[in-house]
There are 2 protein chains.
Amino acid sequence: MAAAQIDTCVGDLAGNASAVLEWTRRAAQTGAQLVVFPEMTLTGYPIEDLALRASFRRAAQETLEQLARDLDADGLGDVAVLVGSVGERASRRRRPGADDAAEAPRESGTEPLPDSELVGDVVAGRPEARDAVRPTNDAVLLRGGRVETRYSKHHLPNYGVFDEFRIFAPGDEICVIDVADRRIGVVICEDIWQDGGPVSLMDEREVAALVVLNGSPFEEGKGHVRAELAARRAAEVDAPVVYVNLVGGQDDLVFDGGSFVVDRDGSLLASAPQLVEHLLVWDLADEGEPAQRGPVAPPLHPDEETYRAVVAGLRAYVRKNGFRTVTLGLSGGIDSALTAVIAADAIGGENVVGVSMPSAFSSDHSKDDAADLAQRIGADYRVQPIAGMVEAFQRELALEGVAEENLQARVRGMILMAISNREGHLVIAPGNKSELATGYATIYDAGSIGGYAPLKDVDKSRVWALARWRNDHAIDRGEIPPIPESSITKPPSAELRPGQLDQDSLPPYALLDEVLDAYVEHAEGRAELLARGFDPAVVDRVLQLVDRAEWKRRQYPPGPKVTALAFGRDRRLPITSRWREP
Amino acid sequence: MAAAQIDTCVGDLAGNASAVLEWTRRAAQTGAQLVVFPEMTLTGYPIEDLALRASFRRAAQETLEQLARDLDADGLGDVAVLVGSVGERASRRRRPGADDAAEAPRESGTEPLPDSELVGDVVAGRPEARDAVRPTNDAVLLRGGRVETRYSKHHLPNYGVFDEFRIFAPGDEICVIDVADRRIGVVICEDIWQDGGPVSLMDEREVAALVVLNGSPFEEGKGHVRAELAARRAAEVDAPVVYVNLVGGQDDLVFDGGSFVVDRDGSLLASAPQLVEHLLVWDLADEGEPAQRGPVAPPLHPDEETYRAVVAGLRAYVRKNGFRTVTLGLSGGIDSALTAVIAADAIGGENVVGVSMPSAFSSDHSKDDAADLAQRIGADYRVQPIAGMVEAFQRELALEGVAEENLQARVRGMILMAISNREGHLVIAPGNKSELATGYATIYDAGSIGGYAPLKDVDKSRVWALARWRNDHAIDRGEIPPIPESSITKPPSAELRPGQLDQDSLPPYALLDEVLDAYVEHAEGRAELLARGFDPAVVDRVLQLVDRAEWKRRQYPPGPKVTALAFGRDRRLPITSRWREP
């Protein structure tokens with residue numbers, strides 16, 4: 001069988017269907033009789049409230065049926081093709097806490113949805129629609145030119161970035177398909193993250209393998225969690241588990257692929273590389289024979305994994321939104337340097353427009369570093385001094401102090417937006433997670449405006465680590481390190497007044513990032529932080545900054561999620577709150 | 001008994017507790033033996049992911065216990081006080097689709113949570129914490145100096161703006177309390193929106209009344225839905241239902257109060273006015289006697305209701321975030337005129353700083369109208385021409401076309417941010433729902449920057465209607481209409497080039513808003529819109545604009561939700577999507 005670890009785009013039904021056709025062709029050439037695609041293949045993932053639109057569901061269903069016919073017409077009718085798509089269920093909304101119990105799961109039927117169910121309309125928030133037709137998150141078997149079987153995901157995650165229980169109706173049947181006289185169990189993503197449920201019933205069906213369609217977002221160090229979980233399910237069904245994951249970026253999520261096959265004893269039988277499209281081919285052993293081994297991709301270093309995830313997120317955002325080029329301000333500092341290198345790796349240095357916007361407070365080394373960086377990555381480099389525009393504002397407004405500092409920063413933001421308007425580049429924002437968390441940034445400056453913030457979920461300590469990894473990686477390959485050493489080593493400064501340093505306003509970043517990690521990622525309170533020995537003055541300063549920055553954070557453009565809790569969809573906090581840690 | 005329709009603030013445990021004490025005093029003076037407060041009184045509502053922070057839950061519990069003692073010390077120990085707060089439950093996460101069935105609800109115990117349950121830590125998104133202690137949405141009876149009974153909400157809404165199933169564990173007990181030898185049933189908000197569940201079991205308990213603690217956000221025309229629903233439950237339990245709702249704004253939600261008592265035959269027994277704090281006192285009839293009638297507040301005209309909701313939302317956002325004053329650009333157009341009047345009604349005209357920022361393309365009537373408006377509402381009025389700053393940019397960048405138009409618009413945004421920085425005003429954004437939906441605005445201009453957008457969920461047609469209502473309201477009261485007539489009647493224009501009119505780029509607003517309502521609020525597809533007779537060219541234009549504007553919409557500051565589906569928390573759509581209506 002083959003696991004097709006592909007990159008889909010939300011809403012691109014035709015494009016995603018073409019990809020299924022193309023990858024099925026390749027898989028068939030290897031002799032595969034079953035090709036498994038990632039979760040919600042046809043629709044893209046996550047589709048969020050698009051699922052609530054009846055016209056979208058109808059179009060997805062039509063595309064699915066056409067795809068089945070196209071596969072058959074292409075001579076692939078004998079191949080079993082498992083894809084994900086949106087389905088429908090004419091059911092009452094399952095209400096938490098109600099006794100919506102517990103019909104025993106039934107084996108999945110083999111009939112496609114009758115046309116009569118492909119009507120109706122559901123809008124979140126409209127009480128009158130709560131009992132109407134609801135969408136489902138389905139795995140669909142295409143074979144012989146038709147939709148043969150359909151399975152609806154049982155477990156709908158509703159935490160972190162996931163809103164599935166909000167959108168989908170859960171399924172209550174289990175799905176076992178026959179391929180070449182072997183029984184293959186089918187489940188979707190969260191179904192294996194919960195004890196009980198469909199997997200616990202598979203062992204009675206004596207499946208030869210369990211395949212799992214996934215849309216599992218990247219998160220630092222998540223790989224081994226997936227593998228352990230899959231191994232547990234493999235032991236449960238006493239058969240190998242084939243875990244097929246989505247790859248590529250979608251808005252603020254990055255899917256890292258890394259599909260794999262794990263045996264019931266926990267041993268890794270095969271795996272695909274992370275963060276690239278890949279066809280993982282693995283043969284199911286004959287009955288009674290020991291499990292076959294396939295190719296195994298070497299694991300990535302944690303910094304490389306995160307770096308490549310950030311690159312993938314930016315590349316997807318640029319391309320899937322129809323841009324070819326990006327622009328950003330180059331200050332000579334580490335954030336904009338790393339962001340520019342990430343952009344160059346994502347879409348090519350020649351598609352990056354770096355703009356140096358020096359002021360009276362910009363040091364010579366900053367300007368030199370910016371020019372040096374641009375030259376190393378082959379970017380289109382421009383210098384646009386801001387003095388004339390700042391003076392024009394100052395003649396009218398005579399600002400002082402922080403207002404004057406912010407003015408300079410916002411003039412830079414305006415210049416980038418103007419260049420974007422004129423030339424059609426996507427503006428990208430180099431702001432990092434530490435400054436975003438603490439609000440240590442001018443809102444609407446060059447670090448926070450634009451369409452996408454590649455470092456939004458990368459704290460400052462990690463920014464330096466990724467920069468060093470990237471330079472070392474270049475050296476390992478005999479290339480010139482893209483980031484000037486002095487951008488990495490100099491003390492960070494916004495250069496908005498003479499001698500200004502970040503460390504005048506913030507605790508040292510190593511300390512700040514440690515407190516942020518405890519407070520934000522691990523929800524530790526002030527008491528716990530003090531008990532761990534942090535300086536009370538530092539703790540109070542950081543908590544005050546974080547608690548006040550919520551509104552600013554909401555103004556940031558989206559950025560990739562790479563840690564357990566990124567700012568964005570997976571963190572929902574009131575903007576207006578008087579809560580202060582006691 | 002008394003329904004205390006009060007305004008709380010999220011996270012302000014001490015302030016909310018003080019309010020409970022103060023309003024209980026007032027209620028006791030009327031002889032009330034039971035005082036019922038809105039949902040999540042102590043914590044504010046909605047607290048979103050604050051609920052997942054153990055330190056917050058601990059502090060809420062300590063505040064609750066202290067409040068019980070303070071009430072007693074104040075001589076109010078005999079009064080039964082029902083408040084909402086966050087609780088905890090050491091339970092497995094309820095999994096949708098799993099057989100989490102259906103222990104029969106039990107009558108609520110009378111013991112407070114043991115201290116041992118007030119530990120633990122839950123972070124959304126961390127699989128390892130999924131089975132840990134989880135927060136609950138509770139109604140708590142304070143009496144005799146202690147926490148006497150606690151009820152956890154069963155039905156946790158998970159649609160529209162509601163994320164409760166994501167955050168809270170559902171309760172499975174029912175709650176009937178004794179007050180002056182009468183049995184009173186207690187439930188919370190969504191519990192009455194679902195058939196079955198706790199209310200269906202109340203009739204066996206022969207309650208004399210059912211009280212409902214609510215945090216029900218304002219939505220046009222929602223009042224009668226609440227009343228009909230409550231009447232259904234009153235018939236079910238064969239006793240009056242006392243519906244107590246929160247009032248005031250919290251971020252993008254506005255709670256409109258309008259608490260009421262409805263009898264089992266559907267007749268309204270008493271009601272509080274909307275959108276103001278109020279103590280509704282109503283006497284429970286003796287057993288066997290006909291239901292008592294209390295004061296009934298006259299209903300508001302729909303335009304007045306929406307206008308007051310928008311005012312309440314802005315007032316709360318300004319005050320709860322610690323601001324006293326606001327600033328905005330005054331163009332002479334209807335959006336900024338209405339926004340300024342709303343601000344004057346919310347916080348006083350003397351706290352509104354209106355800035356006229358004329359360019360070469362600004363008409364004389366625009367400047368006159370802006371000055372006239374500012375004078376009528378008593379605003380601090382300033383004129384800041386933009387020519388000098390625009391020229392400074394143009395000398396360097398030589399922009400043309402849309403880029404040049406956007407430059408002018410963004411210079412205005414920068415001026416407001418600079419004035420805000422210098423003087424400490426909150427910048428408010430006059431952009432309306434129609435322009436937000438279609439992306440017909442310059443991102444980071446004076447219409448879209450800042451902290452709060454009062455008209456974010458008010459479409460252009462409604463902007464005119466609210467302006468007319470506000471002027472008529474002034475005339476009715478013998479006051480000068482605040483909005484210059486020509487701001488209402490002149491054709492809308494961004495005035496960014498000579499002779500520019502909105503209608504050159506958009507369909508007429510009456511038509512546009514009708515298509516938007518069908519497409520956005522009612523999720524109709526292209527086919528349905530065409531079937532209803534809309535011009536295909538108009539439909540395609542509007543759909544294209546809306547589908548492309550998602551990223552721009554996310555850059556808008558929060559604004560009040562006044563329709564079924566506002567842009568913001570209750571609409572979750574992918575930013576990057578290739579989906580186009582077929």
Side-chain angles (χ1 to χ4, degrees), chain A residues 9-12 48-50 53 55 59 94-99 101-102 121 123-126 154-156 158-160 165-166 170 194 196-197 251 320-321 388-389 392-393 397 399 403 406-407 410 414 418 421-422 444 451 523 525 551 564-565 570 572-579 581-582, chain B residues 9-12 48-50 53 55 59 94-99 101-102 121 123-126 154-156 158-160 165-166 170 194 196-197 251 320-321 388-389 392-393 397 399 403 406-407 410 414 418 421-422 444 451 523 525 551 564-565 570 572-579 581-582:
Chain A
C9 180
V10 160
D12 189 8
E48 295 282 335
D49 287 6
L50 263 187
R53 209 162 251 286
S55 53
R94 272 180 105 87
R95 287 168 290 116
D99 53 348
D121 196 20
V123 182
R126 301 197 157 265
H154 288 211
H155 293 298
L156 301 168
N158 199 57
Y159 53 85
F165 185 73
R166 175 181 198 275
Q194 307 277 351
D251 295 355
K320 292 179 181 176
N321 281 303
M389 308 169 219
F393 276 93
L397 296 167
L399 303 172
N406 285 339
L407 170 67
R410 289 197 187 104
M414 278 195 64
N421 269 183
R422 186 174 63 194
Y444 311 128
W551 176 74
L565 289 176
D570 59 344
R572 293 181 192 152
L573 287 170
I575 304 177
T576 307
S577 164
R578 296 267 168 91
W579 166 248
E581 280 290 335
Chain B
C9 180
V10 160
D12 189 7
E48 295 282 336
D49 288 5
L50 262 187
R53 210 162 251 284
S55 54
R94 274 178 103 88
R95 285 166 293 118
D99 52 348
D121 195 23
V123 181
R126 301 196 157 267
H154 287 210
H155 293 299
L156 301 168
N158 199 57
Y159 55 85
F165 185 74
R166 176 181 197 273
Q194 307 278 349
D251 295 355
K320 291 179 182 177
N321 280 303
M389 306 170 221
F393 275 93
L397 296 166
L399 303 172
N406 285 339
L407 171 66
R410 287 196 190 108
M414 277 194 65
N421 268 183
R422 187 172 62 192
Y444 312 127
W551 176 74
L565 288 176
D570 59 344
R572 294 182 192 151
L573 288 170
I575 304 177
T576 308
S577 163
R578 295 268 167 90
W579 165 248
E581 281 290 334

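On a predicted model such as this, the values are computed, not experimentally measured, just so you know. Chain A is the first sequence line, chain B the second, and so forth, proteins listed ahead of strands; every chain is numbered from 1.
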Donor-acceptor pair, A:Asp49 side chain versus B:Leu573 backbone, under 3.5 Å?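 No, because the side chain of A:Asp49 does not come within donor-acceptor range (under 3.5 Å) of the backbone of B:Leu573.
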Between B:His154 and B:Gln194, does the side chain to side chain contact (heavy atoms under 4.5 Å, CB included) criterion hold? Intermediate values first, please. CA-CA 10 Å; B:His154 287 210; B:Gln194 307 278 349; over 6 Å; no
Does the side chain of B:Arg166 reach to within under 4.5 Å of the side chain of A:Phe165, using non-hydrogen atoms?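 Not in contact.
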I'd like to check B:Phe393 versus B:Leu399 (side-chain heavy atoms, cut-off strictly below 4.5 Å). Are they in contact?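 No. Closest side-chain heavy atoms not under 4.5 Å.
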Which one wins on heavy-atom pair count under 4.5 Å against chain A: B:Ala418, B:Pro574, B:Ala59, B:Gly525?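 Answer, by heavy-atom pair count under 4.5 Å with chain A: B:Pro574.
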Which one, A:Gly451, A:Cys9, A:Ala392, leads in non-hydrogen pairs under 4.5 Å with chain B?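 Heavy-atom pair counts peak at A:Gly451.
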Just give me the residue among A:Arg422, A:Glu48, A:Met414, A:Lys320 that pairs up with chain B most often, heavy atom to heavy atom, under 4.5 Å.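 Ranked by contacts with chain B, first place is A:Met414.
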